[in-house]
There are 2 protein chains.
Amino acid sequence: MRSLGQRIELLKVIAHPIRIQILEELTKGVKCVSDFEEFLEISQPNISQHLSLLRNFRVIDYYIDGRLRCYFLVDPIIPDLLELLKKDYPDFLPGPECCPITKKGKYPGQRRR
Amino acid sequence: MRSLGQRIELLKVIAHPIRIQILEELTKGVKCVSDFEEFLEISQPNISQHLSLLRNFRVIDYYIDGRLRCYFLVDPIIPDLLELLKKDYPDFLPGPECCPITKKGKYPGQRRR
DNA sequence: TAAATATATTCAAATATTATTATATTTTTA
DNA sequence: TAAAAATATAATAATATTTGAATATATTTA
C-alpha cells in the first residue's frame, strides 16, 4: 500500500489541468510529444516539463523511436482514479442524524469538560 | 459529472497531508475541532484554516453544538477516493508491446513527415 | 457578568508551483 | 554533412499555497 506521503504526492502530480489531460490521453494508448502539442494549448517546452515531472514520479515512462519519444502509463492506479473522478454521485452524503438545516445538534463523541 | 476544473479543484483540496488526515478521520464519523487537535501536530488556527478551506470547496460542512463545531463529510466521492488510494496495485501496468528495456520501439500512431 | 473554552479570521512572511524564454541535444533527411 | 525536426533542459519570472502570529467571536461556566 502507498504511504500517506506517496498518496499525497500522487494526488498533487495529477492535480493539474495539463497533466490530467496528458494522463487521460495516455489511458487510450501510447502518445509522443507532438501528439500532445495538437490538443494542449501550451508551448512545447512546457509540455516536456510536465511529461518529465510525471516521469520523475513514476507515473509514466517512455521509449524511443528515432527522434520520437513515445510515452505510456506506468502507474496502474491512474485509469481507475481518472474513472472514479468522472463517476456520477449524488450531491451530498446523507447528513449525520444530529444535523438539521439549522446547524444545531448534539455532539456524538465524548464531551470534554 | 464534474467538469475538468472541478476534478482538479477536488484533487488539489485533498492533496495535503493535514487535509487528507482530516478527511480520513471524518469518514469514521462526526468530529469537532478539538478532536483534530488531538492527533494533528499543528496549531488550532491552522486546523481551522484547513477546515474552512475544505468547507469552501463543499467537501465538508458542520453543525453547531454549543461552542463545538461538529464537522462531517458532504462530498460523497471522498470515501471512495480515499479507499482507492489505499488499494494495492501491481508495481506497473504491462508496458506497450513495442517497449523493450532498451527504450527502443516503433511508434504506433500515424508517423508525421 | 467576568473568565474560560472552543473556534475562527486576518494579514504578512515563507515556500512551492508553474510558465516563459532561451538554448541545447539527438536523430533524420536533403 | 548541413539543415530540419522532435524534444529536453535550465534559469528566471510570475503566481499560488501554506504557515505563523496576533487577535476576534461566541458560548458556557463560575
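Note that the coordinates shown come from a computational prediction; the quantities given were computed from them, not determined experimentally. Within every chain, numbering begins at 1; the chains are lettered A, B, ... in the order of the sequence lines, protein sequences first and strands thereafter.
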### Message
Go nucleotide by nucleotide along DNA chain C from the 5' end; which of A:Lys12 and A:Gln44 gets its closest nucleotide reached first?
### Response
A:Lys12
### Query
Taking only N and O in the side chain of B:Tyr62, is any of them less than 4.0 Å away from OP1 or OP2 of C:dA6?
no
### Message
I want to check one thing: is the phosphate of C:dT5, taken as OP1 and OP2, less than 4.0 Å away from some side-chain N or O of B:Ser34?
### Response
no
### Query
Got a donor-acceptor contact below 3.5 angstrom from the B:Asp35 side chain to the B:Cys32 backbone?
yes
### Message
Can you identify which nucleotide, out of D:dT18, C:dT28, D:dT9, has its nearest atom closest to the B:Leu53 side chain?
### Response
D:dT18
### Query
Does B:Asp88 reach the main-chain N or O of A:Met1 with its side chain, forming a donor-acceptor pair under 3.5 Å?
yes
### Task
Considering just the side-chain nitrogens and oxygens of A:Arg69, establish if one lies under 4.0 Å of OP1 or OP2 belonging to D:dA6.
no
### Query
Is it true that a side-chain atom of A:Ser3 and a backbone atom of A:Gln6 form a donor plus acceptor pair closer than 3.5 Å?
yes
### Task
Specify the separation, in whole Å, of atom CD1 of A:Ile42 and atom P of C:dT18.
11 Å
### Query
Can you check whether A:His16 has a side-chain N or O nearer than 4.0 Å to OP1 or OP2 of C:dA19?
yes
### Task
Give one of base, sugar-phosphate or nothing for B:Tyr71, where a contact means two heavy atoms less than 4.0 Å apart.
sugar-phosphate
#### Entry: Closest listed nucleotide, where the reference is the side chain of B:Gln49 and the choices are C:dA8, D:dT19, D:dT7
D:dT19
### Query
Would you say the side-chain atoms of B:Gln21 pair up with the backbone N or O of B:Pro17, donor to acceptor, closer than 3.5 Å?
yes
### Summary
Quick note, A:Ser52 side chain, CB onward, closest among D:dT9, C:dT7, C:dT20 is D:dT9
### Nearest-neighbour nucleotide for the B:Pro45 side chain, D:dT9, D:dA22, C:dT27 considered
D:dA22
#### Entry: Proximity to the side chain of A:Arg19 - top-ranked nucleotide from C:dT18, D:dT9, C:dA8
C:dT18
### Message
Is there a side-chain contact between A:His50 and the phosphate of C:dT17, meaning an N or O under 4.0 Å from OP1 or OP2?
### Response
no
### Query
Atom CG of B:Leu51 and atom C1' of C:dT7: how far apart are they, to the nearest Å?
10 Å
